[in-house]
Amino acid sequence: MKRICCIGAIAALFASGAQAAELSSPGSSAADSDKPSCFASLQDYLKSSARDCPLNYGPFTLFGTLDGGFGYEQWGAPVGTYADKPNYAIQRSSGNVHWLWSPNALTASSIGLRLAQEIVRDWELVGVAESGFNPYTLRLINGPQSLADNNLYKAGYQRTAFDTARAGQWDNGQGFIGVSNPTYGTLTFGRTTLLSQSAMGAYDPAASVAFSQIGFTALYATFGASPTSRINSALTYRLTFQEVRFAAQAQIGGYDQGNAATEQYQGQVGFDYRKFSFDAIVGYARNALTFQTYGGAALPVGYDPDSIVRATMMNTGGLELLMRYDWEKFRFYWGYVYSRSTNPSDGYFPYGISTIASGVVVPPGAVTSNAYTVPRILNTAWTGFRYIVQPNFGIASAVYWETQADYLAWPATCSGSGTATSSSRCGGGRYSYSFVMDYRPLPRLSVYAGVLVSNVYGGVASGYLHAQNIAPTAGVRFQF
């Protein structure tokens, strides 16, 4: 909340000298007054795009997305109160057959405020404050709370819950401020999406939540620690020179600043050459936290079951390689992520630790700091295509693979197979394939339908109730 107030106060200072503008497109002037307004009627508004007809007032732009649908899950779970989605991909809690309302299938529903105010020639003050929510419950997305809500229930009786960086904050998406110049680049500070997370969507053929393994979870983009996908106190610099782009990101502060790691750094380089695009990103997080529900296990005495979770701590890092090529109406995609997780540098927390969610803590004895005595090596790859049938209608298909080697410490050994595999630290993986159609009857409106088939095997399947989920979903997305 302090970040939002800071952004608002600084922006108001600069905006106070600017002439207040009515809701209109950027750059409107008296010469444009004879043109029909996109706000003249509901029909005119719907026929315009969010980019062509934004909700502006002075330097501020209100923007948002509403995404809702209906779907089926071969093996799923009811949607949690603070969760953002169903189990589109197979999860440990996937134990029941469901027809259900399915929010946020294409993208997370969100609402936010964007700032763009010229300071001097070619220099702008920029900022964003944005939050994601479940459009059916109207609750802000809160991953740690969704996990805590399942503490009393074993896997087959749980609602959906996710280990995510969105933790009930008003700015659970982003909340930053900075300066931008077309020659010298953009420098921002505040809550910002990880470079590897923000780049991945442009290289995902089925770019979505419900139809993409890498869109469903931040595990891959964060190199193994999903709550680190957004840095609360990130200093981020981006520069584009002709067809080449560079970016660097560093976390300022640690847990006390609401971060899920004590340190985090990323660097990015990429380019566009004719119809080919490429990006490479490296990253490292020190003492990164992931959170887990107790899931029906014994709870510590004296704690409210709805306000505690367990945690695993690690050092993690990796490499992300992304490629895309356009050919006529086709766009082809390839991607690869290598991640390595090891025991943390500082793993001694006898008195417990806070989480990234207000009111949710990790009690004493619930921090695991030796899960990666043998490093976990995770390799993830994907490929697919998108085909533009018509300017307002496209189809996409993708295949995703994830593999891990054994990282079970000696003298333990692996046995069993599938969901009966003896340990989640045994070798195994996940593979998924999907198909999705997206039709835009109006620039602001998308009508979509698709299916994701996800499978787990080996150690990744250990403790699961089922090894496969088939999840067709259809819905509508509106943007403003």
Side-chain angles (χ1 to χ4, degrees), residues 75-87 89-96 134 137 139-168 217-219 224-228 255 260-261 287-314 341 343-344 347-372 376 408 419-426 456 459-466:
W75 298 111
V79 178
T81 303
Y82 291 95
D84 58 327
K85 55 186 176 285
N87 286 344
I90 188 72
Q91 300 288 291
R92 278 190 172 84
S93 60
S94 299
N96 298 291
N134 183 320
T137 65
R139 300 292 186 103
L140 295 178
I141 301 167
N142 189 333
Q145 187 62 63
S146 72
L147 294 166
D149 287 348
N150 281 326
N151 279 336
L152 298 176
Y153 307 102
K154 293 187 180 297
Y157 303 95
Q158 293 177 4
R159 292 181 173 270
T160 61
F162 302 98
D163 189 23
T164 171
R166 295 184 186 264
T217 174
L219 174 71
S226 295
T228 64
Y255 299 144
N287 302 323
L289 291 169
T290 62
F291 304 106
Q292 300 85 38
T293 180
Y294 278 82
L299 299 174
V301 177
Y303 286 89
D304 177 4
D306 293 331
S307 64
I308 58 174
V309 292
R310 297 185 292 188
T312 300
M313 187 177 292
M314 71 188 81
S341 301
N343 283 342
Y348 183 62
F349 289 89
Y351 304 109
I353 195 170
S354 61
T355 72
I356 56 175
S358 177
V360 181
V361 301
V362 181
V367 180
T368 299
S369 58
N370 62 351
Y372 302 103
R376 179 183 68 181
L408 196 62
T419 59
T421 302
S422 59
S423 172
S424 61
R425 301 179 192 180
C426 297
V456 288
V460 176
S462 179
Y464 278 57
L465 300 173
H466 303 278

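Note that the structure is a prediction, hence the values are computed from the model and not measured.
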Would you say the side chain of [Y] lies within less than 4.5 Å of the side chain of [X], judging by non-hydrogen atoms?
X: Ser423; Y: Leu408; value: yes
X: Asp306; Y: Asp149; value: yes
X: Ser462; Y: Thr419; value: no
X: Asn150; Y: Arg159; value: yes
X: Thr160; Y: Pro78; value: no
X: Leu299; Y: Leu152; value: yes
X: Trp75; Y: Leu465; value: no
X: Met314; Y: Leu289; value: no

Heavy-atom pair with the smallest gap, counting every atom of [X] and [Y]:
X: Ala148; Y: Val309; answer: N-CG1, 3.8 Å
X: Asn343; Y: Ala371; answer: OD1-N, 3.5 Å
X: Leu219; Y: Arg376; answer: CD1-NH2, 4.3 Å
X: Gly296; Y: Lys154; answer: O-NZ, 4.0 Å
X: Ser422; Y: Cys426; answer: OG-SG, 3.8 Å
X: Asn287; Y: Pro344; answer: OD1-CB, 3.4 Å

To the nearest 0.5 Å, what is the distance between [atom1] on [X] and [atom2] on [Y]?
X: Ser93; Y: Gln158; atom1: OG; atom2: CD; answer: 5.5 Å
X: Thr368; Y: Met313; atom1: OG1; atom2: CE; answer: 10.0 Å
X: Phe162; Y: Gln91; atom1: CZ; atom2: CD; answer: 5.5 Å

**Study point:** side-chain contact (heavy atoms from CB on, under 4.5 Å) against Arg166, all qualifying residues, sequence neighbours excluded
**Key:**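 Per chain and number, Arg166 pairs via side-chain contact (heavy atoms from CB on, under 4.5 Å) with Ala108, Glu130, Ile141, Thr164, Asn172, Arg230.
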**Study point:** Which residues share a side-chain contact (heavy atoms from CB on, under 4.5 Å) with Asn134, sequence neighbours left out
**Key:**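 Only Val79, Pro103, Tyr136, Thr137 meet the side-chain contact (heavy atoms from CB on, under 4.5 Å) criterion with Asn134.
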Review point. Partners of Tyr372 by ring-ring contact (aromatic ring centres under 6.0 Å, His included), sequence neighbours excluded?
Key: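 Scan of Tyr372 (ring-ring contact (aromatic ring centres under 6.0 Å, His included), adjacent residues dropped) gives Tyr407.
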Point to revise | ring-ring contact (aromatic ring centres under 6.0 Å, His included) involving Phe291 - partner list, sequence neighbours excluded | key: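 Here no residue qualifies.
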Let me check something: any side-chain donor-acceptor pairs from residues 354-361 under 3.5 Å, sequence neighbours excluded? List them with distances.
| from | atom 1 | to | atom 2 | distance (Å) |
| --- | --- | --- | --- | --- |
| Thr355 | OG1 | Ala357 | N | 3.1 |
| Thr355 | OG1 | Ala357 | O | 3.2 |
| Thr355 | OG1 | Val360 | O | 2.6 |

Point to revise | Exercise: do Ser94 and Asn87 side chains pair donor with acceptor under 3.5 Å | key: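 A donor-acceptor contact under 3.5 Å links the two side chains.
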**Study point:** Tyr82 versus Arg139, side-chain donor and acceptor atoms under 3.5 Å
**Key:**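 Yes, a side-chain donor-acceptor pair sits under 3.5 Å.
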Exercise for review: Can you establish whether the number of heavy atoms outside Tyr255 located under 6.0 Å from its atom OH is more than 12?
Suggested key: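 Above 12, so yes.
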Exercise for review: Using a cut-off of 6.0 Å, state whether more than 12 heavy atoms not belonging to Tyr153 lie near its atom OH.
Suggested key: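 No.
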Exercise for review: Scan for side-chain hydrogen bond (donor to acceptor under 3.5 Å, both in side chains) pairs involving residues 292-304, sequence neighbours excluded, and state none if there are none.
Suggested key: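 Of all non-adjacent pairs touching residues 292-304, those that pass side-chain hydrogen bond (donor to acceptor under 3.5 Å, both in side chains) are Asn151-Thr293, Thr290-Gln292, Gln292-Thr312.
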